[in-house]
Amino acid sequence: VNARVRECYEEVGFLLNDEEDPALLADLESTDNPLVGLSRGFSELTGFSQDKVLGRNCRMLLQGVPEVAISKSVRKNLRDYCRMCRMRRLHCISEMTSLQPNARHDGSQFVNFFLVGLIEVRQRRFLLGVQRYMGEGLFVAMNRWQAEQVAESTRASFKRIRAKLRSAEPIPARITEGAWEGRPSNAPYFSFFSERLQDHCMLLHGGWTAMRREPQEIATNCLVFGNAPVRKTAEGLYFAIRVNDSVQTFDGLPLMGYTSLKPVDRPELYPAVCRCLGSSVLTGACGEAFARDKLEHFKMGFKSPPQTEVESWSTQPNVPMHKRRSPVPAMPGDIFGCLYTRDGRIQLWRNGTLALDFDVHRPLDEEKDYYAVIDVCLSSYCVSLMPHSKPSESRTEMEVPMSPSSTDTKDWKTEDRWREDRGGEEPSRSVSGLEGADWQTGNIDAIISDLVTKALVRKAIQGVVSCSSFCVTVADPRGKDIPLIAISSAFESMTGFKRSEILGVNCRFLNQGCPISPTDLIGLRIASESGSAFTALLPNRKKSGEMFINLLDLRGLTIANDVETGEELWYLIGIQADVTGLSDWKFPEDHVAELREIASLIRQRLKKDLAVLAGGGADHLERQATCSSSASDRSSQFKLLQEPVWREGALSKKEVLGKICQIDPREASGERKQHEQHSIGILRPHHSPGAFNLGLLVFSAVAFLTGLLLGRGTRR
């Protein structure tokens with residue numbers, strides 16, 4: 001144990017020694033975040049003694065855990081969280097939670113629910129992690145209600161332990177004490193509510209600046225409220241924000257407005273989708289406005305909320321939601337103001353000019369207090385409150401002390417800044433792991449788009465599944481985090497995401513806030529790494545927040561071989577369909593098999609054209625590799641196959657469970673069937689017995705009609 005670890009332990013870490021809850025303390029300011037404290041409860045849970053833990057990284061808990069059971073997205077999120085916790089002007093940041101299998105000192109495995117949060121003690125920053133034992137093995141069944149209960153109990157333990165550690169200071173200090181220089185004398189009279197933050201939210205500069213983590217990949221999850229009521233003026237209610245920085249990945253304005261609900265630290269503070277916020281009036285996004293009168297949040301399901309629940313308006317009412325575009329851009333330095341007039345109009349002002357104006361037919365209630373609401377979503381990922389009281393004061397300001405400095409956000413250079421630094425040149429994304437290859441995603445995407453816009457996919461679908469809208473995605477298994485390199489127009493229509501918003505990122509953005517069974521997660525990981533065929537019904541979420549059931553048929557397509565090593569050059573082809581109308585969370589296994597066969601027929605119809613697509617790309621890569629071989633000792637040279645072939649192997653649910661049994665011995669017992677039922681239980685909300693019987697009748701009817709429909713499609 002080095003001197004720094006020993007010093008941190010003797011000053012703070014020792015306070016965890018007698019703690020009964022499993023907890024760890026990591027030094028955020030040292031390389032690799034070494035552990036500097038652990039509780040008695042942690043030692044009892046894992047078998048690790050103090051001398052085996054201090055000075056090590058918490059990755060030690062993953063040693064011996066099969067790689068396929070480790071979530072890459074959790075690891076990536078944790079790395080980003082640690083990086084953001086080091087920002088100099090950070091005020092507070094939301095805690096991070098996750099469910100992950102871990103290994104004890106004796107090698108046995110258990111499922112660990114952990115919550116990680118930032119704490120400052122004696123002017124030093126630490127990460128405090130609190131664990132909850134969820135069960136033996138690598139997987140555990142837990143429905144949404146249970147997950148929420150566990151998260152709240154763990155958070156309560158975190159707050160208690162945090163208070164205990166802070167008591168080590170003579171005078172408890174906030175993270176920002178002395179860190180924010182240049183606070184304007186006319187600062188806003190309210191800041192952002194900070195007692196509980198949404199998952200990807202962080203506050204800077206004393207709580208006047210809100211920033212969204214992972215802005216290039218996550219479009220939402222940074223909803224913030226004012227911590228005091230907005231003062232009423234002669235015109236009504238008004239507040240303003242400044243856009244400090246934005247990304248080009250997503251299109252749309254921040255959603256701004258008001259709610260009469262006072263923000264308090266409670267589990268149900270944030271809705272799953274901002275426009276479903278209780279007792280609120282909002283405007284922004286892609287030229288839209290929303291209003292809800294009921295106090296409780298509307299729970300978004302598989303359909304858009306009805307007008308009786310969430311009333312909506314748009315500047316483009318005849319345009320589908322996924323095709324709507326922002327009426328004005330959101331650029332760094334822009335000032336956006338939200339005016340709620342006494343006669344019931346909600347307006348959005350940009351740099352002193354009216355951008356949106358909707359009559360929401362809800363006059364201002366003089367008896368109520370209203371709190372500011374800002375969803376730091378879409379293109380804007382960092383905003384600051386401004387001390388403006390009317391639209392005429394909201395002019396563009398090029399320099400405001402509240403905006404994060406370049407040293408604060410040096411790792412967050414956005415694509416538009418990237419282009420400016422390079423004279424407008426577009427950033428390139430390689431679709432393979434070949435050094436020196438510069439095949440742009442636009443090339444393959446253009447071919448796929450042309451392929452889909454022609455009648456090929458429509459003809460393949462026609463006569464097979466007449467009521468489903470299939471789409472195609474292509475991902476590069478060689479790229480970092482298996483990014484999407486091409487999507488079809490049908491995928492845009494189905495999900496609401498544009499090509500520019502999702503090319504180059506992993507498709508897990510569809511899973512935000514969606515409960516997916518461990519069986520399907522393992523199947524997806526194996527298929528993505530091996531290219532084996534895998535079909536599953538997954539709950540996904542559209543850009544609008546609406547949930548849908550996605551029939552995913554995934555398989556690797558090999559298009560070339562390395563002439564020297566025999567290594568295969570292959571891409572991950574996904575055929576997807578929205579089958580929400582055909583399923584009530586659980587889909588009959590027989591019908592899944594039929595749909596797998598249908599998807600196979602579609603693949604056969606696409607195979608020839610995909611060969612043309614793959615051939616063009618492979619020829620390019622082969623030429624590129626040949627050219628680069630003269631300049632280097634060894635470059636991969638791929639030889640195009642005469643006909644692309646689908647990679648071998650298939651993963652049915654039983655086969656995935658079989659693989660799970662190989663890595664989790666408890667599944668080999670009578671628990672396998674129970675695990676299948678529990679996996680489905682993760683997706684199914686609680687029902688009373690009567691509701692379940694009614695659901696069973698409805699489900700039987702849907703299954704019967706689906707069988708008729710599939711039979712008709714097969715005969716065609």
Side-chain angles (χ1 to χ4, degrees), residues 1-16 19 23-39 42 53-59 75 77-98 114-131 154-155 157-181 192 194-197 199-214 382 404-405 407-412:
V1 179
N2 62 37
R4 168 77 180 189
V5 171
R6 177 60 60 185
E7 181 183 357
C8 290
Y9 170 77
E10 292 176 351
E11 288 189 3
V12 181
F14 77 95
L15 294 173
L16 288 179
E19 183 61 47
L24 291 171
L25 191 68
D27 181 10
L28 192 61
E29 299 176 359
S30 295
T31 303
D32 206 29
N33 304 329
L35 296 172
V36 296
L38 70 156
S39 67
F42 179 83
V53 171
L54 293 183
R56 300 179 65 184
N57 185 278
C58 62
R59 287 189 301 272
R75 300 292 300 159
N77 190 17
L78 184 57
R79 287 193 298 268
D80 176 80
Y81 185 85
C82 293
R83 184 164 63 90
M84 291 294 99
C85 285
R86 297 188 183 98
M87 291 186 68
R88 289 192 303 113
R89 303 179 188 276
L90 183 64
H91 176 67
C92 59
I93 185 171
S94 64
E95 295 85 20
M96 174 192 162
T97 61
S98 188
F114 65 87
L115 181 147
V116 178
L118 177 65
I119 176 176
E120 181 171 294
V121 182
R122 296 184 182 276
Q123 304 300 315
R124 289 180 176 176
R125 293 189 184 185
F126 300 93
L127 286 177
L128 174 61
V130 180
Q131 292 84 30
T154 308
R155 189 169 185 268
S157 297
F158 172 85
K159 294 172 67 176
R160 177 181 57 79
I161 298 174
R162 180 179 61 183
K164 178 180 179 180
L165 297 181
R166 283 179 174 172
S167 66
E169 291 187 290
I171 302 178
R174 290 299 301 267
I175 292 173
T176 53
E177 189 171 73
W180 184 24
E181 300 173 359
F192 291 121
S194 61
E195 295 303 312
R196 180 187 288 257
L197 298 176
D199 294 346
H200 276 67
C201 181
M202 51 193 295
L203 302 182
L204 294 81
H205 303 132
W208 276 269
T209 296
M211 182 175 175
R212 185 176 82 244
R213 292 196 298 112
E214 298 185 286
C382 185
S405 67
T407 56
D408 291 334
T409 57
K410 60 182 179 181
D411 293 326
W412 288 97

Which heavy atom of [X] sits nearest a heavy atom of [Y], and at what distance?
X    : Y    : result
H91  : G207 : CG-N, 3.6 Å
W208 : F192 : O-CE1, 3.4 Å
R124 : C8   : NH1-SG, 3.4 Å
G55  : P34  : O-CB, 3.7 Å
L127 : C82  : CD1-SG, 3.5 Å

Atom pair [atom1]/[atom2] of [X] and [Y] - distance to nearest 0.5 Å:
X    : Y    : atom1 : atom2 : value
L90  : M202 : CG    : CE    : 5.0 Å
R162 : L25  : CZ    : CG    : 13.0 Å
K164 : L128 : NZ    : CG    : 11.0 Å
E214 : M84  : CD    : CE    : 9.5 Å
Y81  : S98  : OH    : OG    : 13.0 Å
Y9   : L35  : OH    : CG    : 13.0 Å

Report yes if some heavy atom in the side chain of [X] is under 4.5 Å from a heavy atom in the side chain of [Y]; otherwise report no.
X    : Y    : answer
L15  : V121 : no
I93  : R213 : yes
L165 : F126 : no
H205 : M211 : no
E19  : R160 : yes
F114 : L24  : no
L118 : C92  : no

* Can T154 and T97 be said to form a side chain to side chain contact (heavy atoms under 4.5 Å, CB included), step by step? -> CA-CA 9 Å; T154 308; T97 61; over 6 Å; no
Any donor-acceptor pair under 3.5 Å from [X] side chain to [Y] backbone:
X    : Y    : answer
R125 : C85  : yes
N57  : D32  : yes
S94  : L197 : no

* Decide yes or no on side chain to side chain contact (heavy atoms under 4.5 Å, CB included) for V53 and R56, but give the supporting numbers first. => CA-CA 6 Å; V53 171; R56 300 179 65 184; 5.8 Å; no
* Asked: After noting the C-alpha distance and the side-chain angles of L28 and N33, does the key distance pass the side chain to side chain contact (heavy atoms under 4.5 Å, CB included) rule?
  -> CA-CA 5 Å; L28 192 61; N33 304 329; 3.9 Å; yes
* Taking it one step at a time, do E7 and V36 satisfy side chain to side chain contact (heavy atoms under 4.5 Å, CB included)? -> CA-CA 9 Å; E7 181 183 357; V36 296; over 6 Å; no
* Between K159 and E195, is there a side-chain N and carboxylate O pair less than 4.0 Å apart? -> no
